[in-house]
Amino acid sequence: MENSNRIPTHVAIIMDGNGRWAKSLGKERYEGHIEGVDSVRECIKAARRNGVKYLTLYAFSTENWGRPIEEVNALMELFCKSVMAETPQLVEQGVRVVMIGRRDRFSDKVRSHLDKIESATAAGEHLTLVLAFDYSSRDEITTAVKSIASKVASGEMSVDDICEQTITRSLYTADIPDPDFIIRTSGECRLSNFLLWQASYAEMYFPTTMWPDFKQEEFDKALEVYAQRERRYGKL
Ligand code: FPP
């Protein structure tokens with residue numbers, strides 16, 4: 001799944017370090033999230049310019065609901081504002097937005113913004129921006145297992161029909177190729193419930209840069225790191 005010039009087809013990013021970035025500058029955590037939106041904008045531009053076809057961003061995990069209610073509300077508000085402000089540019093740049101994750105726990109307002117951005121950008125052909133929002137990998141896999149089990153129970157499918165492809169096709173990412181390259185900013189070296197099934201052969205990169213400082217140059221630098229990697233997929 002990669003272009004001939006060693007540009008990854010699919011880059012997935014765990015955007016981490018907004019709070020620490022803000023605190024280190026004596027600001028409120030929320031200001032880190034605001035600057036983080038600018039990094040989102042920059043990385044979309046850099047991904048498109050480099051010919052990356054899919055960019056997945058871990059915007060809100062199922063665990064993030066456990067943060068103080070003020071921060072959760074601020075993130076939801078920021079998301080709605082960003083959707084309204086960014087949609088025209090995304091359409092102009094040919095970016096298609098798709099969401100992965102649960103949809104049943106958002107307010108009507110947030111859900112309607114999600115629907116709006118997906119339908120307004122549906123014709124975008126240059127880059128697919130996948131927003132993981134109320135997403136966690138274990139939750140995704142559990143949902144997939146339930147859907148497969150109910151097909152078996154109803155006789156639509158037999159146990160012997162179940163193969164890796166069955167699971168892949170039952171995930172939120174059914175129509176999205178596996179990530180080639182996963183980046184987590186801020187120096188933390190773990191996946192935190194992100195794309196666990198899909199990450200099987202992904203290259204990983206853990207720069208110490210905090211997300212608000214991860215702009216186009218950092219994205220380009222990450223692609224240079226990827227270009228040096230040798231991918232063997234378990235072979236010699
Ligand atoms: C992690 O930093 C970041 C988040 C939980 C939220 C990410 C959201 C954005 C960048 C803005 C909205 C995004 C879109 C797509 C419009 P942290 O708060 O965990 O930082 P810390 O580890 O330093 O505390």
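In this chain, residues are counted from 1 in sequence order. All ligand and atom numbering here is 1-based and tracks the order in the structure.
Met15 O, 3.2 Å is the protein heavy atom nearest to atom 3 (C) of ligand 1. Atom 12 (C) of ligand 1 has as its closest protein heavy atom Val37 CG2, 4.0 Å. Nearest non-hydrogen protein atom to atom 15 (C) of ligand 1 is Leu131 CD2, 3.8 Å.
Remark: ligand 1 and Trp21 share no N or O pair separated by less than 3.5 Å (distance only, no angle test).
Listed by number with element, the atoms of ligand 1 under 4.0 Å from a non-hydrogen atom of Arg20 are 21 (P), 22 (O), 23 (O). Here is the list of ligand 1 atoms found below 4.0 Å of a heavy atom in Trp211: 10 (C). Each of the following atoms of ligand 1 lies closer than 4.0 Å to a heavy atom of Asn64: 5 (C).
For Phe194, the ring-ring contact (aromatic ring centres under 6.0 Å, His included) criterion is met by Tyr58, not counting sequence neighbours.
Chaining together hydrophobic side chains whose heavy atoms lie under 4.5 Å apart places Ile167 alongside Ile141, Val145, Ile148, Val152, Met157, Val159, Ile162, Leu171, Trp197.
Of the charged side-chain nitrogens involved, none lies within less than 4.0 Å of a carboxylate oxygen, so that Lys45 and Glu42 do not count as a salt-bridged pair. A salt bridge links Arg103 to Glu118: at least one charged side-chain nitrogen sits closer than 4.0 Å to a carboxylate oxygen. Salt bridge annotation for Lys53-Asp180: absent, with no cationic side-chain nitrogen under 4.0 angstrom from a carboxylate oxygen.
For Leu57, no heavy-atom contact with ligand 1 is shorter than 4.0 Å. The side chain of Arg29, and not its backbone, has at least one atom closer than 4.0 Å to an atom of ligand 1 (non-hydrogen atoms only; side chain from C-beta on).
Distances from atom 13 (C) of ligand 1 to the heavy atoms of Leu78, Val40, Asp16, Asn18 show the closest one on Val40. The closest heavy-atom contact to atom 6 (C) of ligand 1, among the options Ala22, Gly32, Ala59, comes from Ala59. Between Glu86, Glu71, Arg67, it is Arg67 that holds the heavy atom closest to atom 18 (O) of ligand 1.
No option in Phe106, Phe133, Phe60 other than Phe133 meets the ring-ring contact (aromatic ring centres under 6.0 Å, His included) test with Phe79.
In the displayed structure, Met204 atom CE is contacted under 6.0 Å by more than 12 heavy atoms of other residues, nucleotides or ligands.
Between Phe214 and Trp211, the ring planes are parallel. Angles under 30° get that label, and only those over 60° would be called perpendicular.
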